[in-house]
*Asks:* 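Once you've had a glance at the structure underneath, I'll fire off some questions.
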Amino acid sequence: MQRKFIVGNWKMNGALTKNEALLKEVANGVAQMSGVDCAVCVPFPYLAQTQSLLHDTPIKWGAQNVHQANKGAYTGEVGVSMLRDFGCDYVIVGHSERRSLYGESSQLVAEKFAAVQKAELSPILCVGETLEQREAGTTEAVVTEQLAEVIKLRGIQSFRTAVIAYEPVWAIGTGKTASPEQAQEVHAFIRKRIAGFDEEFGQALCILYGGSVNASNAAELFAMPDINGGLIGGASLVAEDFLAICNAGQK
Ligand code: PGA
């Protein structure tokens, strides 16, 4: 069984002094754990601080978004080579907040995914349905569409160096977690969709669950066979909570 992968998504939160305390505490805690892999995706302005505090720890880091072009006249945007300059290994693409608040289409998300891979970083591709879509019974169709643009642009093999995060939109920041069974069902569907043709590839595919994961529900979610870890929002801002989730990933 592959090691669990726990990724913090700070979203638009942080402050220099607070970050330092949080990152040091998390790094110290994770250094005591040997059975889990961890990363944090922080706001762009804190990448330098994160790099300097984490570079000699087992924790990796990354960004939460990137522009699809590498450089140019795109005022206010950030290109992937800049993320490389700060030692990022991961970039979240297609988070539901980007899709819904900034109108990012699956096609744009696929272009960002491609940009990240071309720079030899790993995309963490978020997919997931809204409550309306779940109630209408279209969860699988929605996830299939979100994956389809990436497959069209990059091919199924591109998932060898990518992470998928299943994040039902109705569970993000709401305190309403998908039940382990609900999450497992979609994870199994995604694994089959991406890797149905190759057993070994399927086993290696890392599919995280995200949406109100906390210290008390992490263990039961991680016990599901197709859940390979978590993408953690709110709880990644509190060292004790994030460490408890990382610890649950060890079991
Ligand atoms: P949450 O966010 O853990 O605060 O629900 C998860 C995410 O949006 O990645």
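Side chains are part of it too, since the values below use all heavy atoms of this structure and drop only hydrogens, waters and symmetry mates. Numbering of ligands and ligand atoms starts at 1, following listing order. Note that the coordinates shown come from a computational prediction; the quantities given were computed from them, not determined experimentally.
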*Asks:* Can the ring centroids of F222 and F5 be said to lie less than 6.0 angstrom from one another?
*Replies:*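 Centroid distance F222-F5: not below 6.0 Å, so no.
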*Asks:* Are the side chains of T139 and Q133 in touch, meaning some heavy atoms are under 4.5 Å apart?
*Replies:*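 With C-beta onward as the side chain, the pair stays apart.
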*Asks:* Quick check: closest heavy atoms across W170 and Q182, and the distance to 0.1 Å?
*Replies:*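 Heavy atoms only, the tightest pair is CH2-OE1, 3.7 Å.
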*Asks:* If I take atom CZ from residue R193 and atom CG from residue L147, how far apart are they, to the nearest 0.5 angstrom?
*Replies:*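 Spacing of CZ (R193) from CG (L147) equals 7.0 Å.
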*Asks:* So what's ligand 1 close to, N/O to N/O, under 3.5 Å?
*Replies:*
{"residue": "ligand 1", "atom": "2 (O)", "partner": "K11", "partner atom": "NZ", "Å": "3.3"}
{"residue": "ligand 1", "atom": "3 (O)", "partner": "S212", "partner atom": "N", "Å": "3.4"}
{"residue": "ligand 1", "atom": "3 (O)", "partner": "G233", "partner atom": "N", "Å": "2.9"}
{"residue": "ligand 1", "atom": "4 (O)", "partner": "G234", "partner atom": "N", "Å": "2.9"}
{"residue": "ligand 1", "atom": "5 (O)", "partner": "G173", "partner atom": "N", "Å": "2.6"}
{"residue": "ligand 1", "atom": "5 (O)", "partner": "S212", "partner atom": "N", "Å": "2.7"}
{"residue": "ligand 1", "atom": "8 (O)", "partner": "K11", "partner atom": "NZ", "Å": "2.7"}
{"residue": "ligand 1", "atom": "8 (O)", "partner": "H95", "partner atom": "NE2", "Å": "2.6"}
{"residue": "ligand 1", "atom": "9 (O)", "partner": "N9", "partner atom": "ND2", "Å": "3.3"}
{"residue": "ligand 1", "atom": "9 (O)", "partner": "H95", "partner atom": "NE2", "Å": "3.3"}
{"residue": "ligand 1", "atom": "9 (O)", "partner": "E167", "partner atom": "OE1", "Å": "3.3"}
{"residue": "ligand 1", "atom": "9 (O)", "partner": "E167", "partner atom": "OE2", "Å": "2.7"}

*Asks:* Could you tell me whether R154 sits above the aromatic face of F113, with NZ or CZ closer than 6.0 angstrom to the six-membered ring centre and within 45 degrees of the axis?
*Replies:* no
*Asks:* Side chains of K112 and N65 only: does a donor on one sit below 3.5 Å from an acceptor on the other?
*Replies:*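 Yes, a side-chain donor-acceptor pair sits under 3.5 Å.
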